[in-house]
Enquirer: 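Could you have a look at this structure, given as C-alpha coordinates, before my questions?
Lettering of chains follows the sequences in order, A, B, ..., and the numbering in each one begins at 1. Heavy-atom basis, side chains included; hydrogens, waters and symmetry copies ignored. This structure is a prediction, so every number in the text was calculated from the model and none was measured.
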Amino acid sequence: MPPQRKSWFLIQVYRLDRRLFWLLLIFVAGQSFFIYKGVETVPFFHWGMYSSAYPAKTEYHTTGLAVDDSLIRIDQLKEIPPGYLQSILDRYALLNQQAFHDPILDVIHHRLGSFPAFETFAISRLTDPPNSPQRFEEWLCKYLGRNEGVASGTIKLVDCRYAWDSTRFTLINYSVIDSFHCTR
Amino acid sequence: MTESASWIETIKRDRRWLSRCYYGWVIFVMLIEYSGRRLIHQLGEPVLFSPAVDNTYWLLHLMGIPQFIASNNTAAITFEVIFLLTTASCFLAEERFRMLPVLFTLEFLIYLVTKNSIVAHQEHGVDALFLMSFVFWTGKETRFSLLLQAFRYYVHFIFISAACWKLFRGSAFLPQQMSEILKSQHLAELSEPVAGTRLQLIIWLINHPSISHGLLIAAVFMQLSFLTGFFTKKFDRWLLLFFFLFYLGDWFVMGLSFYQSWVAALVFLPWSSLQFTSVTHSAKPLVT
(Lines give C-alpha, C1' and ligand atoms only; values in the text may rest on other atoms or scores of the structure.)
Protein backbone atom coordinates (compact mmCIF):
# COMPACT_ATOMS: atom_id res chain seq x y z
CA MET A 1 0.00 0.00 0.00
CA PRO A 2 1.46 3.44 -0.85
CA PRO A 3 2.28 5.66 2.17
CA GLN A 4 -0.72 7.84 3.03
CA ARG A 5 -0.32 11.54 3.60
CA LYS A 6 -1.02 12.74 7.15
CA SER A 7 -4.03 15.01 7.32
CA TRP A 8 -5.20 17.55 9.87
CA PHE A 9 -6.73 16.32 13.09
CA LEU A 10 -10.16 17.83 12.37
CA ILE A 11 -10.22 16.13 8.96
CA GLN A 12 -9.44 12.83 10.69
CA VAL A 13 -12.31 13.46 13.10
CA TYR A 14 -14.60 14.35 10.19
CA ARG A 15 -13.82 11.00 8.55
CA LEU A 16 -14.18 8.91 11.70
CA ASP A 17 -16.91 10.62 13.75
CA ARG A 18 -19.10 13.25 12.10
CA ARG A 19 -21.05 14.15 15.27
CA LEU A 20 -17.87 14.70 17.30
CA PHE A 21 -16.49 16.81 14.45
CA TRP A 22 -19.42 19.25 14.70
CA LEU A 23 -19.18 19.34 18.50
CA LEU A 24 -15.47 20.17 18.34
CA LEU A 25 -16.13 22.79 15.70
CA ILE A 26 -18.76 24.42 17.93
CA PHE A 27 -16.26 24.39 20.80
CA VAL A 28 -13.55 26.00 18.67
CA ALA A 29 -16.04 28.63 17.47
CA GLY A 30 -17.17 29.33 21.07
CA GLN A 31 -13.58 29.59 22.30
CA SER A 32 -12.69 31.95 19.43
CA PHE A 33 -15.74 34.10 20.15
CA PHE A 34 -14.91 34.49 23.84
CA ILE A 35 -11.23 35.18 23.07
CA TYR A 36 -12.44 37.94 20.73
CA LYS A 37 -14.73 39.30 23.47
CA GLY A 38 -11.91 39.02 26.02
CA VAL A 39 -14.18 37.43 28.63
CA GLU A 40 -14.70 33.99 30.04
CA THR A 41 -17.71 31.69 30.00
CA VAL A 42 -17.13 28.18 31.33
CA PRO A 43 -15.99 25.99 29.57
CA PHE A 44 -14.43 28.63 27.29
CA PHE A 45 -11.61 29.68 29.57
CA HIS A 46 -9.47 32.78 29.24
CA TRP A 47 -5.73 32.10 29.60
CA GLY A 48 -4.55 35.70 29.73
CA MET A 49 -3.52 35.81 33.40
CA TYR A 50 -0.80 38.39 34.10
CA SER A 51 -0.93 39.62 30.50
CA SER A 52 -2.25 43.10 31.29
CA ALA A 53 0.35 45.82 31.75
CA TYR A 54 1.72 46.37 35.26
CA PRO A 55 3.01 49.96 35.22
CA ALA A 56 5.73 51.04 37.66
CA LYS A 57 4.23 52.72 40.72
CA THR A 58 5.45 54.70 43.68
CA GLU A 59 2.69 53.40 45.96
CA TYR A 60 1.16 49.96 46.30
CA HIS A 61 -2.27 49.35 47.80
CA THR A 62 -3.74 46.34 49.52
CA THR A 63 -6.78 45.70 51.68
CA GLY A 64 -5.93 44.59 55.20
CA LEU A 65 -7.32 44.09 58.68
CA ALA A 66 -6.25 45.96 61.82
CA VAL A 67 -6.94 45.31 65.49
CA ASP A 68 -6.02 47.97 68.06
CA ASP A 69 -4.17 49.96 65.41
CA SER A 70 -1.88 47.11 64.46
CA LEU A 71 -2.19 45.24 61.20
CA ILE A 72 -3.05 41.54 61.19
CA ARG A 73 -0.80 39.38 59.02
CA ILE A 74 -3.43 37.74 56.84
CA ASP A 75 -0.93 35.25 55.43
CA GLN A 76 -0.31 33.90 58.93
CA LEU A 77 -3.93 33.23 59.89
CA LYS A 78 -3.87 29.47 60.14
CA GLU A 79 -7.62 28.86 59.93
CA ILE A 80 -8.13 30.84 56.73
CA PRO A 81 -6.58 30.32 53.32
CA PRO A 82 -4.90 33.74 52.95
CA GLY A 83 -5.58 34.08 49.23
CA TYR A 84 -9.30 33.49 49.73
CA LEU A 85 -9.59 35.93 52.61
CA GLN A 86 -7.69 38.57 50.64
CA SER A 87 -10.05 38.23 47.65
CA ILE A 88 -13.13 38.39 49.89
CA LEU A 89 -11.79 41.49 51.69
CA ASP A 90 -10.97 43.12 48.33
CA ARG A 91 -14.51 42.39 47.17
CA TYR A 92 -16.06 43.89 50.32
CA ALA A 93 -13.77 46.95 50.08
CA LEU A 94 -14.80 47.48 46.45
CA LEU A 95 -18.51 47.25 47.32
CA ASN A 96 -18.07 49.52 50.33
CA GLN A 97 -16.23 52.16 48.31
CA GLN A 98 -19.09 52.12 45.78
CA ALA A 99 -21.76 52.46 48.51
CA PHE A 100 -22.69 48.80 47.88
CA HIS A 101 -23.63 49.50 44.28
CA ASP A 102 -22.43 46.23 42.77
CA PRO A 103 -20.70 46.95 39.39
CA ILE A 104 -22.52 43.91 37.99
CA LEU A 105 -25.82 45.87 38.21
CA ASP A 106 -24.78 47.86 35.15
CA VAL A 107 -24.02 44.66 33.23
CA ILE A 108 -27.37 43.15 34.24
CA HIS A 109 -29.17 46.29 33.09
CA HIS A 110 -27.23 46.32 29.82
CA ARG A 111 -28.06 42.68 29.09
CA LEU A 112 -31.59 42.41 30.50
CA GLY A 113 -32.88 46.00 30.54
CA SER A 114 -35.48 45.14 27.89
CA PHE A 115 -37.08 42.53 30.18
CA PRO A 116 -37.87 44.44 33.42
CA ALA A 117 -39.45 41.49 35.24
CA PHE A 118 -36.53 39.20 34.48
CA GLU A 119 -34.05 41.98 35.28
CA THR A 120 -35.54 42.31 38.79
CA PHE A 121 -35.31 38.55 39.26
CA ALA A 122 -31.71 38.52 37.97
CA ILE A 123 -30.72 41.33 40.34
CA SER A 124 -32.12 39.36 43.28
CA ARG A 125 -30.09 36.28 42.28
CA LEU A 126 -26.85 37.81 40.95
CA THR A 127 -26.14 40.52 43.52
CA ASP A 128 -25.70 40.46 47.26
CA PRO A 129 -28.81 41.18 49.39
CA PRO A 130 -29.16 44.63 51.08
CA ASN A 131 -28.28 43.21 54.52
CA SER A 132 -24.97 41.80 53.27
CA PRO A 133 -22.80 44.32 55.23
CA GLN A 134 -24.31 43.11 58.53
CA ARG A 135 -24.04 39.48 57.47
CA PHE A 136 -20.46 40.05 56.32
CA GLU A 137 -19.58 41.44 59.77
CA GLU A 138 -21.02 38.32 61.43
CA TRP A 139 -19.16 36.04 59.02
CA LEU A 140 -15.84 37.86 59.41
CA CYS A 141 -16.04 37.86 63.22
CA LYS A 142 -16.97 34.18 63.29
CA TYR A 143 -14.24 33.28 60.82
CA LEU A 144 -11.53 35.31 62.54
CA GLY A 145 -12.73 33.93 65.88
CA ARG A 146 -11.32 30.55 64.89
CA ASN A 147 -7.86 32.13 65.14
CA GLU A 148 -6.47 32.51 68.62
CA GLY A 149 -6.43 36.07 69.94
CA VAL A 150 -7.74 37.82 66.85
CA ALA A 151 -11.49 38.16 66.98
CA SER A 152 -12.36 40.24 70.04
CA GLY A 153 -12.79 44.01 69.95
CA THR A 154 -13.02 46.33 66.96
CA ILE A 155 -11.63 45.01 63.72
CA LYS A 156 -10.96 47.56 61.02
CA LEU A 157 -10.94 46.92 57.31
CA VAL A 158 -8.18 49.17 56.02
CA ASP A 159 -6.67 50.32 52.76
CA CYS A 160 -2.89 50.05 53.26
CA ARG A 161 -0.42 52.14 51.25
CA TYR A 162 3.08 50.76 50.86
CA ALA A 163 6.30 51.98 49.25
CA TRP A 164 9.09 49.76 47.90
CA ASP A 165 12.50 50.60 49.36
CA SER A 166 14.63 48.02 47.48
CA THR A 167 14.63 45.57 50.37
CA ARG A 168 10.97 45.35 51.40
CA PHE A 169 7.63 47.16 51.38
CA THR A 170 7.28 49.76 54.09
CA LEU A 171 3.88 50.91 55.26
CA ILE A 172 3.25 54.59 54.52
CA ASN A 173 -0.12 54.71 56.22
CA TYR A 174 -3.56 53.19 56.14
CA SER A 175 -7.11 54.52 55.97
CA VAL A 176 -10.12 52.84 57.53
CA ILE A 177 -12.70 51.51 55.06
CA ASP A 178 -15.08 50.01 57.63
CA SER A 179 -15.12 48.82 61.25
CA PHE A 180 -16.59 45.66 62.71
CA HIS A 181 -17.38 45.01 66.37
CA CYS A 182 -16.63 41.42 67.24
CA THR A 183 -17.46 39.88 70.58
CA ARG A 184 -16.48 36.38 71.65
CA MET B 1 -7.92 -11.43 16.86
CA THR B 2 -8.46 -8.95 14.00
CA GLU B 3 -6.37 -5.79 13.77
CA SER B 4 -9.43 -3.64 14.44
CA ALA B 5 -10.27 -5.61 17.58
CA SER B 6 -6.67 -5.24 18.67
CA TRP B 7 -6.99 -1.45 18.43
CA ILE B 8 -10.22 -1.51 20.44
CA GLU B 9 -8.58 -3.56 23.19
CA THR B 10 -5.61 -1.17 23.30
CA ILE B 11 -7.82 1.90 23.58
CA LYS B 12 -9.87 0.19 26.30
CA ARG B 13 -6.67 -0.51 28.24
CA ASP B 14 -5.50 3.10 27.80
CA ARG B 15 -8.88 4.31 29.00
CA ARG B 16 -8.73 2.17 32.15
CA TRP B 17 -5.30 3.60 33.02
CA LEU B 18 -6.21 7.17 32.14
CA SER B 19 -9.47 7.14 34.08
CA ARG B 20 -7.76 5.68 37.17
CA CYS B 21 -5.07 8.38 36.95
CA TYR B 22 -7.59 11.17 36.34
CA TYR B 23 -10.21 10.35 38.99
CA GLY B 24 -7.50 9.28 41.44
CA TRP B 25 -5.87 12.69 40.97
CA VAL B 26 -9.20 14.45 41.60
CA ILE B 27 -9.56 12.55 44.89
CA PHE B 28 -5.98 13.55 45.78
CA VAL B 29 -6.76 17.20 44.96
CA MET B 30 -9.85 17.11 47.18
CA LEU B 31 -7.79 15.72 50.07
CA ILE B 32 -5.18 18.47 49.62
CA GLU B 33 -7.94 21.11 49.48
CA TYR B 34 -9.47 19.62 52.62
CA SER B 35 -6.14 19.73 54.49
CA GLY B 36 -5.69 23.36 53.37
CA ARG B 37 -9.23 24.22 54.62
CA ARG B 38 -10.22 25.27 51.12
CA LEU B 39 -13.36 23.19 50.60
CA ILE B 40 -16.70 25.02 50.43
CA HIS B 41 -17.98 23.72 53.79
CA GLN B 42 -14.77 24.86 55.49
CA LEU B 43 -15.27 28.51 54.52
CA GLY B 44 -17.91 29.14 57.17
CA GLU B 45 -20.97 30.01 55.04
CA PRO B 46 -19.60 33.13 53.31
CA VAL B 47 -22.13 35.84 52.49
CA LEU B 48 -20.67 37.70 49.51
CA PHE B 49 -21.17 36.22 46.05
CA SER B 50 -19.38 37.29 42.92
CA PRO B 51 -20.68 35.61 39.75
CA ALA B 52 -18.68 38.11 37.63
CA VAL B 53 -19.88 38.33 34.01
CA ASP B 54 -19.54 34.64 33.17
CA ASN B 55 -22.76 33.37 31.52
CA THR B 56 -22.44 29.89 33.02
CA TYR B 57 -22.00 31.41 36.48
CA TRP B 58 -25.08 33.54 35.85
CA LEU B 59 -27.14 30.51 34.81
CA LEU B 60 -26.28 28.57 37.97
CA HIS B 61 -26.85 31.65 40.16
CA LEU B 62 -30.22 32.29 38.52
CA MET B 63 -31.14 28.74 39.53
CA GLY B 64 -29.95 29.56 43.06
CA ILE B 65 -27.63 26.56 43.26
CA PRO B 66 -24.32 28.17 44.45
CA GLN B 67 -26.18 30.36 46.96
CA PHE B 68 -27.99 27.35 48.42
CA ILE B 69 -24.82 25.25 48.77
CA ALA B 70 -22.52 27.99 50.10
CA SER B 71 -24.90 29.56 52.62
CA ASN B 72 -25.89 26.30 54.27
CA ASN B 73 -23.12 24.23 55.83
CA THR B 74 -25.18 21.02 55.82
CA ALA B 75 -25.85 21.46 52.10
CA ALA B 76 -22.15 22.18 51.47
CA ILE B 77 -21.01 19.07 53.35
CA THR B 78 -23.67 16.92 51.64
CA PHE B 79 -22.72 18.24 48.21
CA GLU B 80 -18.99 17.70 48.75
CA VAL B 81 -19.56 14.16 50.08
CA ILE B 82 -21.71 13.36 47.01
CA PHE B 83 -19.01 14.83 44.76
CA LEU B 84 -16.35 12.70 46.45
CA LEU B 85 -18.52 9.55 46.19
CA THR B 86 -19.19 10.22 42.50
CA THR B 87 -15.44 10.65 41.91
CA ALA B 88 -14.69 7.43 43.78
CA SER B 89 -17.37 5.61 41.73
CA CYS B 90 -15.83 6.94 38.51
CA PHE B 91 -12.40 5.80 39.73
CA LEU B 92 -13.71 2.29 40.29
CA ALA B 93 -16.12 1.77 37.40
CA GLU B 94 -16.62 4.75 35.08
CA GLU B 95 -16.45 2.52 31.99
CA ARG B 96 -19.42 0.42 33.19
CA PHE B 97 -21.85 3.24 34.02
CA ARG B 98 -21.98 5.72 31.15
CA MET B 99 -23.78 8.47 33.05
CA LEU B 100 -21.23 8.57 35.90
CA PRO B 101 -18.63 10.76 34.07
CA VAL B 102 -21.42 13.11 32.94
CA LEU B 103 -22.71 13.39 36.52
CA PHE B 104 -19.13 13.96 37.68
CA THR B 105 -18.65 16.86 35.22
CA LEU B 106 -21.92 18.49 36.29
CA GLU B 107 -21.00 18.23 39.97
CA PHE B 108 -17.51 19.52 39.18
CA LEU B 109 -19.09 22.51 37.39
CA ILE B 110 -21.28 23.30 40.40
CA TYR B 111 -18.26 22.95 42.72
CA LEU B 112 -16.13 25.21 40.50
CA VAL B 113 -18.78 27.92 40.16
CA THR B 114 -19.78 27.89 43.84
CA LYS B 115 -16.21 28.01 45.11
CA ASN B 116 -15.06 30.75 42.75
CA SER B 117 -18.18 32.82 43.44
CA ILE B 118 -17.70 32.85 47.19
CA VAL B 119 -13.97 33.52 47.14
CA ALA B 120 -14.54 36.30 44.58
CA HIS B 121 -11.75 35.01 42.39
CA GLN B 122 -11.75 32.74 39.35
CA GLU B 123 -9.08 30.17 40.12
CA HIS B 124 -7.56 28.79 36.94
CA GLY B 125 -5.77 25.91 38.63
CA VAL B 126 -8.71 23.54 38.17
CA ASP B 127 -9.81 24.60 34.68
CA ALA B 128 -7.78 22.03 32.72
CA LEU B 129 -8.73 19.38 35.29
CA PHE B 130 -12.40 20.24 34.68
CA LEU B 131 -12.10 20.15 30.88
CA MET B 132 -10.34 16.78 30.96
CA SER B 133 -13.48 15.25 32.47
CA PHE B 134 -15.25 15.52 29.07
CA VAL B 135 -12.84 12.94 27.62
CA PHE B 136 -14.59 10.21 29.62
CA TRP B 137 -18.14 11.11 28.56
CA THR B 138 -18.20 8.66 25.67
CA GLY B 139 -18.50 4.90 25.69
CA LYS B 140 -17.15 4.47 22.15
CA GLU B 141 -13.45 3.64 21.87
CA THR B 142 -12.90 5.61 18.66
CA ARG B 143 -14.57 8.70 20.08
CA PHE B 144 -12.61 8.36 23.34
CA SER B 145 -9.36 8.27 21.38
CA LEU B 146 -10.35 11.35 19.37
CA LEU B 147 -11.48 13.23 22.48
CA LEU B 148 -8.16 12.46 24.14
CA GLN B 149 -6.33 13.80 21.09
CA ALA B 150 -8.53 16.90 21.11
CA PHE B 151 -7.70 17.44 24.78
CA ARG B 152 -4.00 17.06 23.96
CA TYR B 153 -4.38 19.95 21.50
CA TYR B 154 -6.24 21.93 24.14
CA VAL B 155 -3.35 21.55 26.63
CA HIS B 156 -1.01 22.94 23.96
CA PHE B 157 -3.51 25.72 23.30
CA ILE B 158 -3.43 26.77 27.00
CA PHE B 159 0.28 27.57 26.81
CA ILE B 160 0.19 29.14 23.35
CA SER B 161 -2.83 31.25 24.26
CA ALA B 162 -1.12 32.48 27.45
CA ALA B 163 1.94 33.51 25.40
CA CYS B 164 -0.17 35.21 22.73
CA TRP B 165 -2.07 37.29 25.30
CA LYS B 166 1.24 38.59 26.66
CA LEU B 167 2.58 39.30 23.17
CA PHE B 168 -0.53 40.86 21.63
CA ARG B 169 -1.29 42.98 24.68
CA GLY B 170 2.31 44.12 24.52
CA SER B 171 3.01 43.41 28.20
CA ALA B 172 5.81 40.98 27.34
CA PHE B 173 7.76 43.93 25.92
CA LEU B 174 7.47 46.19 28.98
CA PRO B 175 10.88 46.19 30.74
CA GLN B 176 9.41 46.59 34.24
CA GLN B 177 6.53 44.13 33.73
CA MET B 178 7.92 41.11 35.61
CA SER B 179 9.43 43.23 38.36
CA GLU B 180 6.04 44.88 38.97
CA ILE B 181 4.16 41.56 38.80
CA LEU B 182 6.51 40.20 41.46
CA LYS B 183 5.90 43.22 43.68
CA SER B 184 2.16 42.84 43.35
CA GLN B 185 2.30 39.06 43.85
CA HIS B 186 4.49 39.13 46.98
CA LEU B 187 3.33 42.35 48.62
CA ALA B 188 2.14 40.62 51.82
CA GLU B 189 5.30 38.52 52.27
CA LEU B 190 7.64 41.42 51.45
CA SER B 191 5.97 43.82 53.88
CA GLU B 192 7.41 41.81 56.78
CA PRO B 193 11.07 41.43 57.81
CA VAL B 194 12.42 39.18 55.09
CA ALA B 195 14.10 35.86 55.69
CA GLY B 196 14.68 32.88 53.45
CA THR B 197 16.56 32.28 50.24
CA ARG B 198 13.47 32.25 48.03
CA LEU B 199 12.30 35.69 49.10
CA GLN B 200 15.85 37.03 48.79
CA LEU B 201 15.85 35.81 45.19
CA ILE B 202 12.45 37.48 44.59
CA ILE B 203 13.84 40.78 45.95
CA TRP B 204 16.90 40.42 43.71
CA LEU B 205 14.64 39.85 40.69
CA ILE B 206 12.50 42.88 41.61
CA ASN B 207 15.62 45.05 41.89
CA HIS B 208 17.00 43.78 38.56
CA PRO B 209 14.14 44.41 36.11
CA SER B 210 16.23 43.46 33.08
CA ILE B 211 16.92 40.00 34.54
CA SER B 212 13.29 39.47 35.57
CA HIS B 213 12.18 40.69 32.16
CA GLY B 214 14.52 38.10 30.62
CA LEU B 215 12.81 35.49 32.78
CA LEU B 216 9.42 36.60 31.46
CA ILE B 217 10.64 36.42 27.85
CA ALA B 218 12.06 32.93 28.51
CA ALA B 219 8.68 31.88 29.94
CA VAL B 220 6.89 33.26 26.85
CA PHE B 221 9.27 31.32 24.57
CA MET B 222 8.72 28.19 26.63
CA GLN B 223 4.95 28.64 26.23
CA LEU B 224 5.33 29.24 22.49
CA SER B 225 7.36 26.03 22.13
CA PHE B 226 4.07 24.14 22.65
CA LEU B 227 3.20 25.23 19.11
CA THR B 228 5.32 22.29 17.87
CA GLY B 229 2.77 19.94 19.46
CA PHE B 230 0.21 21.00 16.86
CA PHE B 231 2.35 19.59 14.05
CA THR B 232 4.14 16.61 15.56
CA LYS B 233 4.22 14.37 18.63
CA LYS B 234 7.98 13.87 18.21
CA PHE B 235 8.86 16.49 20.82
CA ASP B 236 6.24 15.53 23.39
CA ARG B 237 8.83 14.29 25.88
CA TRP B 238 10.44 17.76 25.75
CA LEU B 239 7.06 19.39 26.12
CA LEU B 240 6.39 17.16 29.13
CA LEU B 241 9.62 18.49 30.64
CA PHE B 242 8.67 22.11 29.77
CA PHE B 243 5.19 21.55 31.24
CA PHE B 244 6.61 20.74 34.67
CA LEU B 245 9.48 23.24 34.39
CA PHE B 246 6.95 25.97 33.73
CA TYR B 247 4.71 25.03 36.65
CA LEU B 248 7.66 24.52 39.01
CA GLY B 249 9.00 27.94 37.98
CA ASP B 250 5.56 29.44 38.48
CA TRP B 251 5.42 27.93 41.95
CA PHE B 252 8.92 29.06 42.92
CA VAL B 253 8.84 32.59 41.50
CA MET B 254 5.15 33.48 41.62
CA GLY B 255 3.94 31.26 44.45
CA LEU B 256 1.32 29.69 42.14
CA SER B 257 1.28 25.92 41.84
CA PHE B 258 -1.74 25.07 39.62
CA TYR B 259 -1.04 21.56 40.94
CA GLN B 260 -4.64 20.55 40.28
CA SER B 261 -4.01 20.48 36.53
CA TRP B 262 -0.74 18.56 36.59
CA VAL B 263 -2.68 15.44 35.58
CA ALA B 264 -3.12 17.05 32.13
CA ALA B 265 0.56 16.15 31.54
CA LEU B 266 -0.69 12.62 30.78
CA VAL B 267 -1.36 13.76 27.21
CA PHE B 268 2.39 14.02 26.60
CA LEU B 269 2.88 10.28 27.20
CA PRO B 270 2.91 7.88 24.23
CA TRP B 271 -0.59 6.37 24.62
CA SER B 272 -1.68 4.25 21.68
CA SER B 273 -5.00 6.11 21.77
CA LEU B 274 -3.12 9.27 20.79
CA GLN B 275 -1.84 7.53 17.62
CA PHE B 276 -5.28 6.47 16.45
CA THR B 277 -6.26 8.16 13.17
CA SER B 278 -8.37 7.45 10.12
CA VAL B 279 -5.16 6.35 8.39
CA THR B 280 -4.05 3.96 11.10
CA HIS B 281 -7.34 2.68 12.48
CA SER B 282 -7.14 -0.41 10.34
CA ALA B 283 -3.51 -1.05 11.28
CA LYS B 284 -2.03 -2.55 14.41
CA PRO B 285 -1.57 -0.33 17.46
CA LEU B 286 1.92 1.08 17.95
CA VAL B 287 2.10 0.01 21.58
CA THR B 288 0.66 -3.35 22.61
Side-chain angles (χ1 to χ4, degrees), chain A residues 4 6-7 9 12-13 15-17 20 24 35 39-43 45 47-57 60 62 73-75 79-84 86-88 90-92 95 104 107 121-122 125-126 128 132 135-136 138-139 142-143 146 162 164 166-171, chain B residues 36-38 43-51 53-58 61-62 64 67 109 112-113 119-122 124 127 130-131 142-143 146-147 149-150 153 158 161-162 165-166 169-171 174 176-177 180-181 183-184 187-194 203 206-207 277-279 281:
Chain A
Q4 299 193 45
K6 273 182 81 175
S7 54
F9 171 66
Q12 308 270 4
V13 179
R15 286 181 189 151
L16 288 165
D17 191 334
L20 182 63
L24 289 180
I35 286 176
V39 291
E40 187 168 273
T41 281
V42 178
F45 296 109
W47 299 101
M49 301 92 83
Y50 299 98
S51 64
S52 55
Y54 281 66
K57 293 187 281 192
Y60 297 82
T62 186
R73 279 200 67 178
I74 289 174
D75 60 328
E79 299 294 318
I80 304 174
Y84 290 177
Q86 188 66 60
S87 302
I88 293 169
D90 288 342
R91 165 92 180 143
Y92 183 86
L95 290 173
I104 206 174
V107 184
F121 172 71
R125 287 292 171 94
L126 298 174
D128 296 310
S132 53
R135 291 177 59 216
F136 178 78
E138 287 166 22
W139 173 80
K142 186 177 78 176
Y143 210 12
R146 295 185 193 172
Y162 288 95
W164 176 250
S166 297
T167 55
R168 58 186 286 245
F169 283 105
T170 48
L171 183 68
Chain B
R37 297 177 182 276
R38 291 188 293 267
L43 298 175
E45 302 174 8
V47 294
L48 298 180
F49 288 88
S50 176
V53 289
D54 184 313
N55 297 302
T56 310
Y57 279 54
W58 278 33
H61 276 81
L62 288 172
Q67 299 94 318
L109 176 70
L112 184 88
V113 170
V119 300
H121 177 69
Q122 297 208 351
H124 286 273
D127 293 351
F130 169 72
L131 274 177
T142 310
R143 189 171 284 176
L146 295 174
L147 275 169
Q149 293 182 58
Y153 284 113
I158 292 173
S161 175
W165 278 108
K166 293 182 190 81
R169 283 181 166 174
S171 60
L174 300 175
Q176 85 294 339
Q177 176 77 357
E180 290 300 319
I181 287 177
K183 283 182 191 169
S184 144
L187 200 152
E189 293 166 282
L190 296 177
S191 58
E192 296 297 322
V194 174
I203 292 169
I206 288 173
N207 291 331
T277 67
S278 60
V279 176
H281 81 283

Enquirer: Please look at B:Leu112 and chain A and tell me whether the side chain, the backbone, both or neither of the residue comes under 4.5 angstrom of a heavy atom of that chain.
Expert: side chain
Enquirer: Can you tell me which portion of B:Gln67 sits under 4.5 Å from chain A's heavy atoms? Options are side chain, backbone, both or neither.
Expert: side chain
Enquirer: Is chain B contacted by the side chain of A:Leu95, its backbone, both, or neither, given a heavy-atom distance below 4.5 Å?
Expert: side chain
Enquirer: Top residue by heavy-atom pair count (under 4.5 Å) with chain B, among A:Thr62, A:Leu24, A:Ile35?
Expert: A:Ile35
Enquirer: Before accepting this row, confirm whether a basic side-chain N of the pair B:Glu180/B:Lys183 lies closer than 4.0 Å to the acidic partner's carboxylate O.
Expert: yes
Enquirer: Just say parallel, tilted or perpendicular for the rings of A:Tyr143 and A:Trp139, cut-offs at 30° and 60°.
Expert: tilted
Enquirer: Are any non-hydrogen side-chain atoms of B:Trp58 and A:Ile104 less than 4.5 angstrom apart?
Expert: yes
Enquirer: Identify which of B:Leu146, B:Asp127, B:Leu174 forms the greatest number of heavy-atom pairs closer than 4.5 Å to chain A.
Expert: B:Asp127
Enquirer: According to side chain to side chain donor-acceptor pair (under 3.5 Å), who are the partners of B:Asn55, at least two apart in sequence or on a separate chain?
Expert: A:Thr41, A:Arg111
Enquirer: Between B:Gln176, B:Glu45, B:Arg143, which has the largest tally of heavy atom pairs under 4.5 Å with chain A?
Expert: B:Arg143
Enquirer: Are any non-hydrogen side-chain atoms of A:Leu20 and B:Leu147 less than 4.5 angstrom apart?
Expert: yes
Enquirer: Non-hydrogen atoms of chain A under 4.5 Å away: do they reach the side chain of B:Leu62, the backbone, both or neither?
Expert: both
Enquirer: Given heavy-atom pairs under 4.5 angstrom as the criterion, report whether the side chain, backbone, both or neither of B:Leu187 touches chain A.
Expert: both
Enquirer: Below 4.5 Å, heavy atoms only, C-beta onward: do B:Ile158 and A:Phe45 meet side chain to side chain?
Expert: no
Enquirer: Measure A:Thr170 against the heavy atoms of chain B and call it side chain, backbone, both or neither at under 4.5 Å.
Expert: neither
Enquirer: Sequence neighbours left out, what passes side chain to side chain donor-acceptor pair (under 3.5 Å) with B:Asp54? Give chain and number order.
Expert: none
Enquirer: Heavy-atom distance under 4.5 Å to chain B: side chain of A:Tyr162, backbone, both or neither?
Expert: side chain
Enquirer: What part of B:Ile206 gets closer than 4.5 Å to chain A, counting heavy atoms only: side chain, backbone, both or neither?
Expert: side chain
Enquirer: When you measure from the side chain of B:Gln177 to the backbone of A:Ser51, do you find a donor-acceptor pair of N or O atoms at a distance under 3.5 Å?
Expert: no
Enquirer: Using side-chain heavy atoms (C-beta onward) and a distance below 4.5 Å, is B:Leu48 in contact with A:Ser132?
Expert: yes
Enquirer: Between A:Lys57, A:Arg73, A:Glu138, which residue shows the highest count of heavy-atom pairs closer than 4.5 Å to chain B?
Expert: A:Arg73
Enquirer: For the candidates B:Lys166, B:His124, B:His61, which exhibits the highest count of non-hydrogen atom pairs separated by less than 4.5 Å from chain A?
Expert: B:His124
